2 protein chains.
Amino acid sequence: MDKELLDMDACSAHHLAIRDTMDVLSGKWKIRLIGSLSFGKKRFMELIGSIDGIAAKMLSKELQELELNGLVKRTVLNTKPVTVEYELTEYGYSLKPIIKEMASWGMQHRERVIRAMSVKEKV
Amino acid sequence: MDKELLDMDACSAHHLAIRDTMDVLSGKWKIRLIGSLSFGKKRFMELIGSIDGIAAKMLSKELQELELNGLVKRTVLNTKPVTVEYELTEYGYSLKPIIKEMASWGMQHRERVIRAMSVKEKV
DNA sequence: CGGCATCCAATTCGATACTG
DNA sequence: CAGTATCGAATTGGATGCCG
């Protein structure tokens, strides 16, 4: 058995898999969006409120992309004025382990991240 | 106990944690870069070869940011011409669970991702 | 080899204004 | 409320040339 070769194969498969995942999650807000929706249904305005800094245009755009990929379901309710609800599909929920690891990492390394960011801002 | 309030706190902490993680991993290539380095040391040209589509300029830039954040260590070897090695620090390795989940998700959903991407390209 | 500098094109992002 | 339209700014990316 050629260990080197096996490693190369593993590396390359790993790599393609990560690329595929990144394709779906590309964009500045998608991961945070999914993180927010992983707590349940939310309306457009609720999402704007819960995701600090996002503009309506970007929210709209990234939601559309997530919907196209089948990760998010959009429901228009018959109210006046219109209400629209967004929620994760089952497919979307399958991303939860990733989101969970990201939240967990962020909590464990919060201090260091913030310190590093504040250094950067001085530049 | 106010369940609603507890949920809100959990949600907001979760959210800040994800935002911190995304701050560190922001940029089109960082996650794939870390994925590639998680298999061990690599030189600049090896990274260009292993990360399909990246330009030298972007590789250089994102490596610098990762180095600034302490996730990657850069070592210049005394060869002629120069050889430079990049490797994850211990802090960088702490991201491995995230990378692992991303690779795992990508492998499980590869077909669906590719199908969705090919539909998009027709537009 | 491992970069940085420059120029330029393409894409992404954000603020504001407006609509049903 | 839930968007779309539009414009300008910022980021990204490629090509080329230069340097130690």
Side-chain angles (χ1 to χ4, degrees), chain A residues 18-19 22-37 40-69 71-88 117 120-121 123, chain B residues 18-19 22-34 36-37 40-69 71-88 117 120-123:
Chain A
I18 293 179
R19 199 203 48 196
M22 292 306 291
D23 281 345
V24 170
L25 297 178
S26 71
K28 197 173 181 175
W29 307 97
K30 290 212 184 65
I31 291 178
R32 290 175 63 183
L33 215 39
I34 293 171
S36 189
L37 287 173
K41 263 181 224 194
K42 287 214 168 66
R43 286 176 299 144
F44 194 85
M45 287 311 282
E46 285 179 311
L47 284 170
I48 288 201
S50 85
I51 301 184
D52 190 52
I54 196 170
K57 182 178 130 183
M58 278 300 112
L59 178 56
S60 172
K61 190 193 158 205
E62 306 236 313
L63 279 171
Q64 279 172 29
E65 291 173 11
L66 290 173
E67 201 191 348
L68 258 177
N69 278 331
L71 296 163
V72 162
K73 185 179 150 208
R74 177 174 180 272
T75 311
V76 182
L77 302 179
N78 256 341
T79 55
K80 198 185 73 156
V82 189
T83 305
V84 181
E85 280 179 352
Y86 291 92
E87 62 190 309
L88 292 183
M117 296 301 284
K120 263 195 216 164
E121 274 158 26
V123 184
Chain B
I18 292 179
R19 199 204 46 194
M22 291 306 290
D23 281 346
V24 170
L25 297 179
S26 72
K28 196 173 183 178
W29 307 98
K30 291 212 184 65
I31 291 177
R32 291 176 62 184
L33 216 39
I34 292 171
S36 189
L37 288 174
K41 263 179 221 192
K42 286 215 169 63
R43 284 177 300 145
F44 193 85
M45 288 309 284
E46 285 180 313
L47 284 170
I48 288 202
S50 85
I51 301 183
D52 191 52
I54 196 171
K57 188 171 119 184
M58 278 301 112
L59 178 57
S60 172
K61 189 190 160 206
E62 305 238 308
L63 279 171
Q64 278 172 29
E65 289 172 14
L66 290 174
E67 202 192 344
L68 258 176
N69 277 330
L71 295 163
V72 162
K73 184 179 151 208
R74 178 175 180 271
T75 312
V76 182
L77 302 179
N78 256 341
T79 54
K80 197 185 77 157
V82 189
T83 305
V84 181
E85 280 180 353
Y86 291 91
E87 62 190 312
L88 293 182
M117 295 301 285
K120 263 195 215 163
E121 274 157 26
K122 282 179 194 160
V123 184

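These figures come from a predicted structure and were not determined experimentally. Atom set for the values below is all heavy atoms of this structure, side chains included, hydrogens, waters and symmetry mates excluded. In what follows, chains carry the letters A, B, and so on, assigned in the order in which the sequence lines appear, proteins first and then strands, with residues in each chain numbered from 1.
Close to C/dG2, at under 4.0 Å from its OP1 or OP2, lies no side-chain N or O of B/Arg74. One finds a side-chain N or O of A/Tyr86 lying less than 4.0 angstrom from the OP1 or OP2 phosphate oxygen of D/dG3.
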What one-letter contact string describes nucleotides 4-20 of chain D from 5' to 3', where B marks a base within less than 4.0 Å of any protein heavy atom, S marks contact via sugar-phosphate atoms alone, and - marks no contact?
S-BB----SBB-----B
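The nearest whole Å value for the distance from the CD atom in B/Glu85 to the P atom in C/dG3 is 12 Å. Computed from coordinates, the A/Met45 CE to D/dG3 C1' distance equals 11 Å when rounded to whole Å. The separation between B/Asn78 atom CG and C/dC1 atom P is 18 Å, rounded to whole Å. Between the P atom of C/dA15 and the CD1 atom of A/Ile48 lies a distance of 11 Å, rounded to the nearest Å.
Checking D/dG3, C/dG2, D/dA2 against the side-chain heavy atoms of A/Thr83 singles out D/dA2 as nearest.
Here the side chains of B/Leu25 and A/Ile31 are not in contact, with every heavy-atom distance at 4.5 Å or above. Between A/Val72 and A/Leu33, every side-chain heavy-atom pair lies at or beyond the 4.5 Å cut-off.
None of B/Lys41, B/Lys73, B/Arg43 except one satisfies the salt bridge (charged side-chain N to carboxylate O under 4.0 Å, His left out) rule with B/Glu85; the exception is B/Lys41.
Residue A/Lys42 comes nearest to A/Ser36 through the heavy atom pair NZ-O, 3.0 Å, listed as atom of the first residue, atom of the second, then distance.
Evaluation of the salt bridge (Lys or Arg N to Asp or Glu O under 4.0 Å) rule for B/Lys28 yields no partner, not counting sequence neighbours.
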Please tabulate, one pair per line, all N/O donor-acceptor pairs under 3.5 Å involving side-chain atoms of residues 62-69 of chain B, not counting sequence neighbours.
unit_1	atom_1	unit_2	atom_2	d
B/Glu62	OE1	B/Trp29	N	2.9
B/Glu62	OE1	B/Lys30	N	3.0
B/Glu65	OE1	B/Lys30	NZ	2.5

